[in-house]
K.L.:
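If you scroll down you'll find the structure; I have some questions about it.
Letters A, B, ... are given to chains in the order of the sequence lines, protein chains preceding strands, and every chain is numbered from 1. Note that the structure is predicted; figures quoted are calculated from it, not measured. What's counted below: heavy atoms across the whole structure, side chains too, no hydrogens, waters or symmetry copies.
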Amino acid sequence: MIDTRILRDQPDRVRAAQAKRGLSDAVVDEALAADQARRRAIAEYEARRGEQKALGKQIPQAQGEEKQALLERTKALAAEVKAAEAAQVAAEEAWQAAVLAIPNLAHDDAPAGGEDDYTVLETVGTPRDFAAEGFEPRDHVELGRMLGAIDMERGAKVSGSRFYFLTGVGAQLELALVNLAMEQARNAGFTQVIAPSLVRPRAMEGTGFLGQAADDVYRIEGEDLYLVGTSEVPMAAYHSDEILDGSSLPLRYAAFSPCFRKEAGSHGKDTKGIIRVHWFDKVEMFVYTTTEDSDAEHQRLLAWEKEFLDKLELAYRVIDVAAGDLGLSATRKFDCEAWIPTQGRYRELTSTSNCTEFQTRRLDIRGRFPEGTAPISTLNGTLCAMTRTIVAILETHQNADGSVTVPQALRPHMGGLDVLKPMHA
RNA sequence: GGAGGCGUCGCCUAGUCCGGUCUAUGGCGCCCGCCUGCUAAGCGGGUUUGGGUCAACAGCCCAUCGCGGGUUCAAAUCCCGCCGCCUCCGCCA
């Protein structure tokens, strides 16, 4: 939810932000009108209610006819109060709906436009030149099969398309990545978390995933529970309805959880392998901090993501995602895209978003500071999404014989294993 | 899954049976002031959160006793539903 003070006092700022995302600004006038109606309804209700309370106080002392007269008046008043309250609630809900529909204001520095209007901030490392090395790189599906690391066929047999089994060194690789990610996070002062991946509607709604992204979310039939697409959801809701001690900020969490995505609307995209799957595991960084510090924290999250990719010796670039591709909650987003040799292009491996106060307003999270309570901000960033990271590692570090060299940093977490050797031709 | 108990303004707690000065009691903690070589003690005051109004973080008003409904002129208090926690039984990794 955006800051309603900004909406009321600087509606043009909201209009400009909508335009930057390529969205209509009609919602602004709708919200402003709803705000007017809401405040009128509140004034009306409170006036009636105040009268009712004042008269109600006189009743116990009143006697006889005076009491009868009072009862008669208050009885009529009660009906008015009830009607005014209903009107107030309706106006409040209409206003809520209007405001909730407005996405977070895009950051001044975020590029305007849609999906293709991102800016490349930097390119790190050089994609490996397999032609120069004299062999054709195998894709991760073939490497996974040769290494006995990824079983796509049985994934499909058991769970359907976009599912897989990680087996042998594949499973070992994931666990090593989880440990490496958690180790880095721990050393950076994060609190390690294993988060639930089933959440109530409140958590989904509060993080903005029941809006335009609702089609991508799995719901448990008959249970009023959702499967999360990222542990950002449980971690944002973790402190819902709480007032956090301002001096404890920033609160940094590194949460492991499986992630589930319907991938609705992506039929035909990335159908091969484990680039795009319905389930994967992820270690996610999630931070609560002050709004003033949020831009700086965003840079820190990006730096931690880069540090992790550097450890895996991957070539990647960092893009500044355009406003139209930010999603509902983010004001700014940086994606780290790793070079995938057999695709000949960069693919998103990690993503970090500054959601400022958008989620905390929805989830009723505030900070207590010497000056009083104030809204705080949330940020999230991928430390390691297992499947795509495994794809990048296998393809990048493969050798002509189908073996894969394990990046140095990962070896201690792989029991010292330095090369994954094919078990099949 | 079955039975029972509980949920009050940071923490603890009174109030709930018998609805109405409850504008929710008291203690602890915390904040401000007084007193005091300093500290402690003592004394006085303050201390939920959100919203409306307003130039105003001043006043005034409304809501808030887990959440949502209902009964009533009036609900912390009565009724219904939900959520959460605890105890016991059953089941289970």
Side-chain angles (χ1 to χ4, degrees), chain A residues 1-10 31-100 194-206 219-220 222-226 234 237-249 251 258 288 290-292 357-376:
Chain A
M1 189 166 87
I2 66 166
D3 185 346
T4 52
R5 261 198 342 269
I6 293 178
L7 178 70
R8 205 184 290 171
D9 301 339
Q10 306 162 259
L32 286 173
D35 187 37
Q36 289 283 328
R38 161 181 163 270
R39 283 148 75 191
R40 268 199 306 275
I42 287 172
E44 173 63 21
Y45 161 70
E46 288 187 354
R48 291 280 154 275
R49 176 63 178 159
E51 195 182 343
Q52 182 188 38
K53 283 180 70 167
L55 289 179
K57 271 185 194 151
Q58 299 173 23
I59 290 178
Q61 292 105 305
Q63 299 286 331
E65 280 186 23
E66 189 195 352
K67 185 160 190 170
Q68 286 311 312
L70 271 174
L71 282 176
E72 211 165 300
R73 270 185 71 193
T74 48
K75 188 152 192 170
L77 240 184
E80 287 178 43
V81 168
K82 205 166 178 178
E85 186 180 15
Q88 192 251 107
V89 168
E92 190 85 35
E93 282 171 355
W95 172 76
Q96 279 280 338
V99 175
L100 287 175
I194 310 286
S197 45
L198 282 162
V199 298
R200 294 199 178 159
R202 171 94 192 284
M204 272 295 171
E205 181 66 49
R219 190 176 21 231
I220 303 296
E223 283 287 318
D224 222 13
L225 283 172
Y226 294 91
Y238 187 62
H239 286 301
S240 54
D241 299 321
E242 293 180 28
I243 299 177
L244 304 174
D245 176 7
S247 66
S248 72
L249 302 175
L251 286 175
Y288 294 84
T290 61
T291 301
E292 304 78 69
E357 299 163 2
F358 192 83
Q359 295 175 331
T360 56
R361 285 183 200 282
R362 291 176 160 225
L363 291 164
D364 288 319
I365 303 167
R366 294 177 292 281
R368 192 186 304 283
F369 301 95
E371 316 78 52
T373 59
I376 60 172

K.L.:
Rounding to an integer number of angstrom, what distance separates G68(B) and G84(B) when you compare their C1' atoms?
P.N.:
15 Å

K.L.:
Both T74(A) and A43(A) contact RNA chain B. Which one's nearest nucleotide lies toward the 5' end?
P.N.:
A43(A)

K.L.:
Any side-chain heavy atom of T74(A) sitting closer than 4.5 Å to one from Q52(A)?
P.N.:
no

K.L.:
Between protein and nucleotides 58-66 of chain B, map the contacts as a letter string: B base, S sugar-phosphate only, - none, heavy atoms under 4.0 Å, written 5' to 3'.
P.N.:
---BBS---

K.L.:
I'd like to know if D241(A) pairs up with R366(A) as an ion pair, taking the criterion as any Lys NZ or Arg NE/NH1/NH2 lying under 4.0 Å from an Asp or Glu carboxylate oxygen.
P.N.:
no

K.L.:
What's the gap between G19(B) and C78(B) when it is taken at their C1' atoms, as a whole Å value?
P.N.:
8 Å

K.L.:
Measure the spacing between CG of L55(A) and CG of L77(A) and express it to the nearest 0.5 Å.
P.N.:
6.0 Å

K.L.:
Which parts of residues 361-371 of chain A get close to RNA chain B, meaning a heavy atom less than 4.0 angstrom away?
P.N.:
R366(A), R368(A)

K.L.:
Send over the distance from R5(A) CZ to C57(B) P, rounded to a whole Å.
P.N.:
11 Å

K.L.:
Using purine N1 to pyrimidine N3 plus N6-O4 or O6-N4 for Watson-Crick, or N1-O2 and O6-N3 for G-U wobble, each under 3.5 Å, what pairs with G44(B)?
P.N.:
C32(B)

K.L.:
Assuming nearest nucleotide by heavy-atom distance, tell me which of R200(A) and V89(A) is located more 5' along RNA chain B.
P.N.:
V89(A)

K.L.:
Can you check the D241(A) CG to G84(B) P distance for me, whole Å?
P.N.:
14 Å

K.L.:
Check the interface with nucleotides 70-72 of chain B: list each N/O to N/O pair with the protein under 3.5 Å, or write none.
P.N.:
| from | atom 1 | to | atom 2 | distance (Å) |
| --- | --- | --- | --- | --- |
| U71(B) | OP2 | K82(A) | NZ | 3.2 |

K.L.:
Heavy atoms under 4.0 Å, any strand shown: does A78(A) hit a base, just sugar-phosphate, or nothing?
P.N.:
sugar-phosphate

K.L.:
Between E85(A) and R49(A) (salt bridge meaning N to carboxylate O under 4.0 Å), is one present in this structure?
P.N.:
no

K.L.:
Would you indicate whether the side-chain heavy atoms of Y45(A) and V89(A) approach each other to under 4.5 Å?
P.N.:
no

K.L.:
Please report the distance separating the P of C92(B) from the corresponding atom of C83(B), rounded so that it comes out in whole Å.
P.N.:
25 Å

K.L.:
Determine whether I220(A) and Y226(A) satisfy the following criterion, side chain to side chain contact (heavy atoms under 4.5 Å, CB included), listing intermediate values before the conclusion.
P.N.:
CA-CA 6 Å; I220(A) 303 296; Y226(A) 294 91; over 6 Å; no

K.L.:
Let me know the distance between CG of L244(A) and P of G10(B), rounded to the nearest Å.
P.N.:
15 Å

K.L.:
For a side chain to side chain contact (heavy atoms under 4.5 Å, CB included) check, start with the C-alpha distance between E44(A) and R40(A), then their side-chain angles and the critical distance, and finish with the verdict.
P.N.:
CA-CA 6 Å; E44(A) 173 63 21; R40(A) 268 199 306 275; over 6 Å; no

K.L.:
With both distances under 3.5 angstrom, what nucleotide forms a Watson-Crick or G-U wobble pair with A63(B)?
P.N.:
U49(B)

K.L.:
What does Q52(A) touch in the nucleic acid at a heavy-atom separation under 4.0 angstrom: a base, only the sugar-phosphate, or nothing?
P.N.:
sugar-phosphate

K.L.:
Taking Q96(A)'s backbone N and O only, do any of them form a donor-acceptor pair with R38(A)'s side chain (distance below 3.5 Å, no angle check)?
P.N.:
no

K.L.:
Indicate, with a heavy-atom threshold strictly under 4.0 Å, whether L55(A) touches base, sugar-phosphate, or nothing.
P.N.:
nothing

K.L.:
Q88(A) CD to G50(B) P: how many Å, rounded?
P.N.:
17 Å

K.L.:
Are OP1 or OP2 of G51(B) and a side-chain N or O of R39(A) less than 4.0 angstrom apart?
P.N.:
no

K.L.:
Tell me which nucleotide, if any, is Watson-Crick or G-U wobble paired with U39(B) when both distances must be under 3.5 Å.
P.N.:
none

K.L.:
If you define the side chain from C-beta out and look only at heavy atoms, does anything of L7(A) sit under 4.5 Å from V99(A)?
P.N.:
yes

K.L.:
Should A56(B) form a Watson-Crick or G-U wobble pair with both distances under 3.5 Å, which nucleotide is its partner?
P.N.:
none

K.L.:
P atom, C67(B) versus C11(B): distance in rounded Å?
P.N.:
14 Å

K.L.:
Measuring only the C1' atom in each nucleotide, how far is C30(B) from G10(B)? A whole number of Å is fine.
P.N.:
9 Å

K.L.:
Is the shortest distance from a Lys or Arg side-chain nitrogen in R219(A) or D224(A) to a carboxylate oxygen in the other one below 4.0 Å?
P.N.:
no

K.L.:
Assign G372(A) to base, sugar-phosphate, or nothing according to its heavy-atom contacts below 4.0 angstrom with the strands shown.
P.N.:
nothing

K.L.:
Contact class for R202(A) vs. all strands (heavy atom < 4.0 Å): base, sugar-phosphate, or nothing?
P.N.:
nothing

K.L.:
Considering only the P atoms, how many Å lie between C79(B) and U16(B), rounded to the nearest integer?
P.N.:
14 Å

K.L.:
Between R39(A) and R8(A), is the side chain to side chain contact (heavy atoms under 4.5 Å, CB included) condition met? List the steps.
P.N.:
CA-CA 12 Å; R39(A) 283 148 75 191; R8(A) 205 184 290 171; 3.3 Å; yes

K.L.:
Any strand is fair game: report the nucleotide pairing with G4(B) by Watson-Crick or G-U wobble, both distances under 3.5 Å, or none.
P.N.:
C86(B)

K.L.:
Using the P atom as the point on both nucleotides, what is the distance between G44(B) and C35(B), in whole Å?
P.N.:
15 Å

K.L.:
Using atom P of each nucleotide, how far apart are G15(B) and G20(B) to the nearest Å?
P.N.:
14 Å

K.L.:
What distance do E242(A) atom CD and D364(A) atom CG have between them, rounded to the nearest 0.5 Å?
P.N.:
11.0 Å

K.L.:
Can T291(A) and E357(A) be said to form a side chain to side chain donor-acceptor pair (under 3.5 Å), step by step?
P.N.:
CA-CA 7 Å; T291(A) 301; E357(A) 299 163 2; 2.6 Å; yes

K.L.:
Return the value, rounded to whole Å, for the distance between atom CD of E85(A) and atom C1' of G52(B).
P.N.:
15 Å

K.L.:
Using modelled atom types only, decide if a donor and an acceptor are shared between the side chain of T360(A) and the backbone of I376(A) within a distance under 3.5 Å.
P.N.:
yes

